[in-house]
Amino acid sequence: MSPACRIFPKTRAFIWKKDRLLLLEQRLLPHRVVWRTCRHWRQVEEGIRLMVVRGAPAIGCVAAYGIVLAARSCRNRTLNEQRQELIKASEGLLKARPTAVNLHWALERMRRVWEIAPVKDPESLAKALERKAIRMEEEDRQSNRRMGRYGADLLPRDASVMTICNTGSLATAGLGTAFGILWTAFHDKKIRKVIASETRPYLQGARLTAWELQQEKIPFELMTDNMAAHLMKTEKVDAVIVGADRIAANGDTANKIGTYSLAVLAAHHGIPFYVAAPTSTVDLTTADGRKIPIEERSAEEVVMVRGQRIAPKGTHARHPAFDVTPANLITAIVTEQGVARKPYKRSLKQLMNDHSLTPSLSLNRERGNGVGKKIHAPSPCGGGGVGRG
């Protein structure tokens with residue numbers, strides 16, 4: 001067992017407590033550590049929509065527990081009435097964040113339980129759903145471990161690695177995706193430093209990744225997003241590692257806005273560009289990046305920072321929350337099942353087939369809502385600009 005396998009991360013994004021779900025209020029980090037209690041699925045939906053919790057894998061796990069809460073709220077009703085409530089909860093949770101495919105994946109797995117589980121009463125169904133949600137959380141934790149190992153093996157000794165947004169324990173159930181690779185490589189003594197992009201406009205890099213790196217005592221420097229080209233040109237940067245919210249069948253990858261810019265810059269400077277994500281993020285039903293819906297969030301999150309206006313009143317701003325990096329700019333895609341390389345259309349399909357993974361999801365509802373179109377979401381904090389994933 002490597003030294004990294006005997007150490008555990010210090011941070012958790014959510015905790016299930018049998019009758020309630022605790023969400024770490026990420027909008028208040030790094031200044032305050034506050035846990036928000038959810039006893040109803042609508043509170044979970046709000047937590048996802050307002051980005052109390054963010055990060056594609058964490059959103060999937062949290063949504064699964066939202067379904068458990070919906071089932072528990074109907075234990076004194078008929079099975080048919082309970083299932084109607086579960087459908088309503090699933091549809092409500094699905095609309096909370098449209099880009100992260102893990103949300104669809106998690107809700108689909110929960111739907112299969114309430115549709116086919118041989119249960120005799122609502123209490124039994126609620127327990128079956130709880131067991132499924134707990135299993136999904138543990139699967140994500142194990143997935144992070146394996147992904148970290150595969151990715152760390154790609155890095156050289158004394159590596160300086162650039163990353164964007166937050167992909168650690170705050171975004172998953174375990175070590176994280178891209179962050180998990182950094183964490184594993186650090187405990188392998190391969191990391192000289194991490195360069196974290198602040199990630200405008202929500203500052204996940206400055207607020208969350210910097211905080212997690214501090215907690216884990218991993219050496220790092222923070223840069224503003226527009227410093228990347230200069231640092232790649234003037235300093236030794238050995239790799240760029242990012243997470244993903246959805247990976248299309250051809251390898252095109254949706255991730256935090258600004259990821260595409262880093263990929264272009266990495267290609268120009270001859271720096272390997274790695275994407276780290278669980279196979280639940282791979283969507284083989286989406287042919288390429290043009291079909292991935294891009295969430296367009298409130299312009300207030302661009303012109304305001306933590307309640308403070310930074311642009312003249314009346315300024316028109318844009319806020320696409322994600323961008324899509326073309327597959328040809330990606331050196332490799334690291335998953336818990338192995339490392340996929342070009343051509344991704346073949347390697348991703350092979351990866352999924354080799355491990356008997358479900359290649360598609362029931363996205364019909366989303367397709368009806370306009371895949372490939374911009375999707376508008378409300379401001380998470382009434383004009384402030386805190387936390388985002």
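The figures here come from the full heavy-atom set of this structure, side chains too, leaving out hydrogens, waters and symmetry mates.
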### Task
Report the relative orientation of the aromatic rings in F14 and Y65; use parallel for angles under 30°, tilted for 30 to 60°, perpendicular for over 60°.
tilted

### Query
Have Q82 and W114 got a donor and an acceptor in their side chains that come within less than 3.5 Å?
no

#### Entry: T281 and N102 side chains, donor-acceptor separation under 3.5 Å
yes

### Message
Do V62 and L21 make a side-chain contact, defined as non-hydrogen atoms from C-beta onward lying under 4.5 Å apart?
### Response
yes

### Query
R109 and salt bridge (charged side-chain N to carboxylate O under 4.0 Å, His left out): which partner among E139, E137, E115?
E139

### Query
For the atom pair OG (S197) and CG (N166), what is the distance rounded to the nearest 0.5 Å?
12.0 Å

#### Entry: Nearest-0.5 Å distance that lies between atom CD in E91 and atom NZ in K95
6.5 Å

### Task
Determine whether the side chains of S124 and D121 contain a donor N or O and an acceptor N or O closer than 3.5 Å.
yes

### Query
Quick one: which of R36, E46, Q43 gives a side-chain contact (heavy atoms from CB on, under 4.5 Å) with V52?
R36

### Task
May I ask you to check whether S160 and D238 show a side-chain donor-acceptor distance below 3.5 Å?
no

### Message
Nearest 0.5 Å, please: how far is OG1 in T172 from CZ in R141?
### Response
9.0 Å

### Query
If you round to the nearest 0.5 Å, how far is OG1 of T177 from CE of M147?
6.0 Å

### Distance-only side-chain donor-acceptor flag, E216 / W183, under 3.5 Å
yes

